[in-house]
Q: 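Shown below is the structure under consideration.
Because only heavy atoms are used, hydrogens play no part in the values below, and waters and symmetry mates are left out as well, while side chains stay in. Small disclaimer: the values here were computed from a predicted structure and weren't measured.
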Amino acid sequence: VGHAVLAINGAEVNGRFTADGKDVLEFLGNPANYPVSIRFGRHRLSSNEKLMLASMFHSLFAIGSQLSPEVGSSGIEMLETDTFKLHCFQTLTGIKFVVLADPRQAGIDSLLRKIYEIYSDFALKNPFYSLEMPIRCELFDQNLKLALEVAEKAGPFGPGS
């Protein structure tokens, strides 16, 4: 955790080779592989790391709700730093959706509502899904990925926020 990850066409790069064993320089030297999608990011968190961070945020959210001078505060909706913004959308049933984004990224409120819609359509309506369990549904994953790609393409300073 903490160092950057490079991915080419979705395959993580480790040194000179992708996770599936392809030589990066050979891959980039072959015109048949173009266009190439190159992404920089962070290593994916493990399930335990995600649970730990979610527990910490839930505690901060509850403390924020109780300490707020605003009567009936709903808790933390946005936490802003120099390098990212954490956006939180809590549903009427208490489920929290959290997105970490570039501080300049616009449209996060609509993204959070879209994620809630996807959750409602593909997790809650799935008879095999149990509340408070990880969501293991291919349609959920596909639609969430599509929503994130649309939000990413809107880019910083896009419409709405």
Q: Please name the pair of heavy atoms, one in Thr83 and one in Pro103, separated by the smallest distance, quoted to 0.1 Å.
A: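 What the structure gives for the nearest pair is O-CD, 3.4 Å.
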Q: Does atom CD (Glu138) have a neighbourhood of more than 12 heavy atoms from anything else shown, all under 6.0 Å?
A: no
Q: To the nearest 0.5 Å, how far apart are CG in Leu111 and OH in Tyr116?
A: 15.5 Å
Q: Let's go through Ile95 and Tyr119 carefully: what are the C-alpha distance in whole Å and the side-chain angles of both, what is the deciding distance for side chain to side chain contact (heavy atoms under 4.5 Å, CB included) to 0.1 Å, and is it a yes or a no?
A: CA-CA 10 Å; Ile95 295 173; Tyr119 171 75; 3.3 Å; yes
Q: Which distance, rounded to the nearest 0.5 Å, do you find between the NE2 of His58 and the SG of Cys88?
A: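 Rounded to the nearest 0.5 Å, the NE2-SG separation comes out at 10.5 Å.
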Q: How does the hydrophobic cluster around Leu86 look, that is, which other residues are in it when side-chain heavy atoms under 4.5 Å mark a link?
A: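 Leu86 clusters with Phe57, Leu60, Phe61, Ile76, Leu79, Phe84, Val98, Leu100.
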Q: Grab the two heavy atoms, one from Lys114 and one from Ala147, that are nearest each other, plus how far apart they are.
A: CG-CB, 3.9 Å
Q: Inspect the surroundings of CD in Gln90 and state if more than 12 heavy atoms from other residues, nucleotides or ligands are less than 6.0 Å away.
A: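 For Gln90, atom CD is crowded (more than 12 foreign heavy atoms under 6.0 Å).
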Q: What's the separation between atom CG in Asp141 and atom CG in Leu146, rounded to the nearest 0.5 Å?
A: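 So the gap between those two atoms works out to 12.5 Å.
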Q: Hey, what do you get for CZ (Phe140) to OH (Tyr129), rounding to the nearest 0.5 Å?
A: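 OH of Tyr129 is found 8.0 Å from CZ of Phe140.
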Q: Identify the heavy atoms of Phe97 and Thr91 that sit nearest to each other, and give their distance.
A: CE1-CG2, 3.7 Å
Q: Measuring only between side-chain heavy atoms, which start at C-beta, is Phe89 closer than 4.5 Å to Arg113?
A: yes
Q: Hey, mind stepping through Val99 and Ile115 against side chain to side chain contact (heavy atoms under 4.5 Å, CB included) and telling me if it holds?
A: CA-CA 10 Å; Val99 170; Ile115 293 171; 3.9 Å; yes
Q: Evaluate Leu139 against Asp121 for side chain to side chain contact (heavy atoms under 4.5 Å, CB included), listing each step before the verdict.
A: CA-CA 9 Å; Leu139 283 174; Asp121 287 345; over 6 Å; no
Q: Would you say NZ of Lys22 has more than 12 non-hydrogen atoms from neighbouring residues, nucleotides or ligands within 6.0 angstrom?
A: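 Atom NZ in Lys22 is not packed in, count stays at 12 or less.
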Q: Is there a path from Leu131 to Leu144 through hydrophobic residues (I, L, V, M, F, W, Y) whose side chains come within less than 4.5 Å of each other?
A: yes
Q: Walk me through whether Lys85 and Gln105 qualify under side chain to side chain contact (heavy atoms under 4.5 Å, CB included).
A: CA-CA 9 Å; Lys85 280 186 185 177; Gln105 182 73 38; over 6 Å; no
Q: Using 0.5 Å steps for rounding, measure from the CD atom of Glu80 to the NE2 atom of His87.
A: 8.0 Å
Q: Once you round to the nearest 0.5 Å, how far does NZ of Lys145 lie from CD1 of Ile118?
A: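 Interatomic distance, Lys145 NZ to Ile118 CD1, rounded to 0.5 Å: 13.5 Å.
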Q: Is Ser68 reaching over with its side chain to a backbone N or O of Ser65, donor-acceptor style, under 3.5 angstrom?
A: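 Flag not set: sc Ser68 to bb Ser65 has no pair under 3.5 Å.
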Q: Should the heavy atoms of other residues, nucleotides or ligands under 6.0 Å from CZ of Phe128 be counted, would the total exceed 12?
A: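 No, CZ of Phe128 has 12 or fewer neighbouring heavy atoms, counting only those of other groups under 6.0 Å.
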